[in-house]
**Q** 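Sharing a structure with you now.
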There are 2 protein chains.
Amino acid sequence: MSRADHPALVALDWGTSSLRAWLLAGPGKAVDTRSAPWGIMHLPEGGFSGALQSLCGDWLQQYPCLPVIASGMVGSAQGWLEVPYVGTPAASVGVAAGLRHAALPDGRNVAIVPGVLQDNAHPNVMRGEETQVFGAWELLQDPPGKTGKTLMVLPGTHSKWVTVEQGHITRFMTAMTGELYAVLRRHSLLGRLMVTSEEFDYTAFERGLEESQRSQGVMFSLFSARTLGLARRLEGAQLGDYLSGLLIGHEIREARLAFAAELAADYPLPVIGTDELRHRYHIALGWHGISVHEGDFSQATQAGLWHIARNAGWIT
Amino acid sequence: MSRADHPALVALDWGTSSLRAWLLAGPGKAVDTRSAPWGIMHLPEGGFSGALQSLCGDWLQQYPCLPVIASGMVGSAQGWLEVPYVGTPAASVGVAAGLRHAALPDGRNVAIVPGVLQDNAHPNVMRGEETQVFGAWELLQDPPGKTGKTLMVLPGTHSKWVTVEQGHITRFMTAMTGELYAVLRRHSLLGRLMVTSEEFDYTAFERGLEESQRSQGVMFSLFSARTLGLARRLEGAQLGDYLSGLLIGHEIREARLAFAAELAADYPLPVIGTDELRHRYHIALGWHGISVHEGDFSQATQAGLWHIARNAGWIT
């Protein structure tokens, strides 16, 4: 193992539904990777420290002095240790200063990254996405020039649209797109006609985008995911992707109003998320004439955790 | 019992969650009223005919020649007998011509009212609301003059906004407001901070209305029902009414776009629904500067069933 490959950090992405772990060497390169379905709501016996020991015990033993850092819902009231939010504008150095430490049984510490709070008349919160934003900013090969201002989107259960200025998170909003899709599909009348399909139906997805743009808004367009099925204009297997297109379309339509200034700067939009969501958002953003950044942000979380640890002075 | 009080019709409002029955004398006056929680998804033993026998067996026995009529989801694919929709423009005489008959074990018939289908590029359906609309039209003391065109709103699980021209249903749209509220409260993260409260919180409801008007749309405003709680701007007991105001506010905001022509006519809007929903919509419509019709539409269903039966030639 060369010096460059020598592990310098154990980095954890610990969310509601899963735990991902990386053994990172400089500069943020993953030497080893692990994951388990042990989100903060689904912990194994032994709780947080037990989960960490089970997944990464060998790393901790082999490298007894390596710092451990974690971001995500692990720092929420339902997590391992509630870490107070850092306010906007939030830089990674401020987030590093807000790290709090949970202790392992052997006395070793796990540093937990604080979320970010926008504390104005329209409060908003994130936990975990701040780390991805800082990581994506580091990964930009071509950071925005003159104004240094860009918008990033992190699609998911709760999509985040984040304004970043010279690496600072200055403003953000949350669209409950993923959760709305899930609860409507599972628990509302709309799910009744839907048939599960493995294949992505481009036509149905695009019809959803069109309907979102044509309609007056979400309230009066949702029911079309039922009536188009009843009227046999869409098959049961198409209705899920239609609803997906409808909701993502509405999200982008509203984002165009909320972030008009950022979008007018015409810097291509980094989209940070799973491959499947990135695919859907690429189509939908393109449909709206918004150009998407071509960079690879799949390592944004690791890069962000590395960057925060560096700002905390643990690695150089 | 005077001749005017002599029963002429057994009228049933048979929906998803309940069955209501009236013994009606001319002109649509209720001589007796019954109800049971036997919606089409919650039938007692004996199914549809058993439910009817249990609730109204004495009426049927005492008046063996009285016609029986039913509207609502009882005519859907999941109901007693699937009754094909009548297309728009739909008049009560056309709906009467579309009645289909389900047979009771003794050979007696129950006439089931068809729903209405708007079969264009943006299909829409109703089952039960057509009867309320026809009834409300009959109850109008001051039907709209020159154009004969008015808008009616039927708030509920699936709110219907209906354009009525000289008693014909010409156009309508559906907002899934009530169901959206229920699934978000029960199954999404938004419900977590909510505390059940018996009292209506006017302040919280109005803040929801304000947010709906200020925001870009539903997608980016829903999360405020969580963050205002996290930031302690609203108490847990207020969050439900805040979300209610937010959703109803968005519904009306979109309706103002969808039915701009109807609303410009400035005929006061009949609101047909439960007292609780009417109260909420009165506040929200007033907040939007839309005047509400002062008539009493609480008997709209009975009046509609009576009117359809009269058009079918059963009563004079």
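Below, each value reflects all heavy atoms present in this structure, side chains not excepted, and no hydrogens, waters or symmetry copies. Lettering follows sequence order; numbering is per chain, from 1.
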**Q** Main chain of B:F223, side chain of A:T174: is a donor-acceptor contact present, judged purely on distance under 3.5 Å?
**A**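 No; judged by distance alone, with no hydrogens or angles, the pair does not exist.
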**Q** Side chains of B:V183 and A:L180: does their closest heavy-atom pair fall under 4.5 Å?
**A**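 Not in contact.
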**Q** B:R256 versus chain A, heavy atoms under 4.5 Å apart: side chain, backbone, both or neither?
**A**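 Neither the backbone nor the side chain of B:R256 comes within 4.5 Å of chain A.
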**Q** Treating A:E254 as the side-chain partner and B:F220 as the backbone partner, does any N or O pair qualify as donor plus acceptor under 3.5 Å?
**A**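 Yes, because the side chain of A:E254 sits within donor-acceptor range (under 3.5 Å) of the backbone of B:F220.
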**Q** Checking A:A258 against chain B: side chain, backbone, both or neither under 4.5 Å from a heavy atom?
**A**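 The answer is both parts of A:A258.
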**Q** Select one option (side chain, backbone, both, neither) describing which atoms of A:A255 are under 4.5 Å from chain B's heavy atoms.
**A**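 Contact with chain B: backbone and side chain both.
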**Q** Quick one: which of B:E251, B:R253, B:H250, B:H122 has the most heavy-atom pairs under 4.5 Å with chain A, could you say?
**A**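 Looking at each option in turn, the highest pair count goes to B:H122.
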**Q** Under 4.5 Å from any heavy atom of chain B, what part of A:L222 do you find: side chain, backbone, both or neither?
**A**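 A:L222 touches chain B through backbone and side-chain heavy atoms alike.
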**Q** Considering all heavy atoms of both residues, which atom of B:A121 and which atom of A:L228 are nearest to each other, and what is their separation?
**A**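 Closest approach of B:A121 to A:L228: O-CD2, 4.3 Å.
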**Q** Nearest 0.5 Å please: distance from the OG atom of A:S188 over to the NE2 atom of B:H158.
**A**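 Between atom OG of A:S188 and atom NE2 of B:H158 there are 7.0 Å.
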**Q** Within a strict 4.5 Å, meaning less than it, do heavy atoms of the A:R226 and B:M176 side chains meet?
**A**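 They are not in side-chain contact.
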**Q** Based on non-hydrogen pairs under 4.5 Å, which of B:V218, B:N124, B:D119 is most in contact with chain A?
**A**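 Counting heavy-atom pairs under 4.5 Å, the top option is B:V218.
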**Q** Less than 4.5 Å to any heavy atom of chain B: does that hold for the side chain of A:A260, its backbone, both, or neither?
**A**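 For A:A260, there is no contact with chain B at all, as no heavy atom is under 4.5 Å.
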**Q** To check you understand the geometry: which heavy-atom pair defines the closest contact between A:L247 and B:M219, and what is its length?
**A**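 Between these two residues, the closest heavy atoms are O-CE, 3.6 Å.
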**Q** Any chance CD of A:E235 has more than 12 other-residue heavy atoms, nucleotides or ligands included, within less than 6.0 Å?
**A**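 Open.
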**Q** Considering only heavy atoms, which portion of A:S224 lies under 4.5 Å from any heavy atom of chain B: side chain, backbone, both, or neither?
**A**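 For A:S224, there is no contact with chain B at all, as no heavy atom is under 4.5 Å.
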**Q** Where does A:Q118 contact chain B at under 4.5 Å (heavy atoms): side chain, backbone, both or neither?
**A**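 Neither part.
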**Q** Side-chain contact, heavy-atom cut-off 4.5 Å: A:M173 with B:Q216?
**A**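 Contact flag for A:M173/B:Q216 side chains = yes.
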**Q** How close do A:L189 and B:E179 get, heavy atom to heavy atom, and via which atoms?
**A**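 So the minimum-distance heavy-atom pair works out to N-OE2, 2.7 Å.
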**Q** By a 4.5 Å heavy-atom criterion (distance strictly below it), what part of A:R232 contacts chain B: side chain, backbone, both, or neither?
**A**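 For A:R232, neither part sits under 4.5 Å from chain B.
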**Q** At a 4.5 Å cut-off on heavy atoms, which part of A:R214 comes close to chain B: side chain, backbone, both, or neither?
**A**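 Only the side chain of A:R214 comes within 4.5 Å of chain B.
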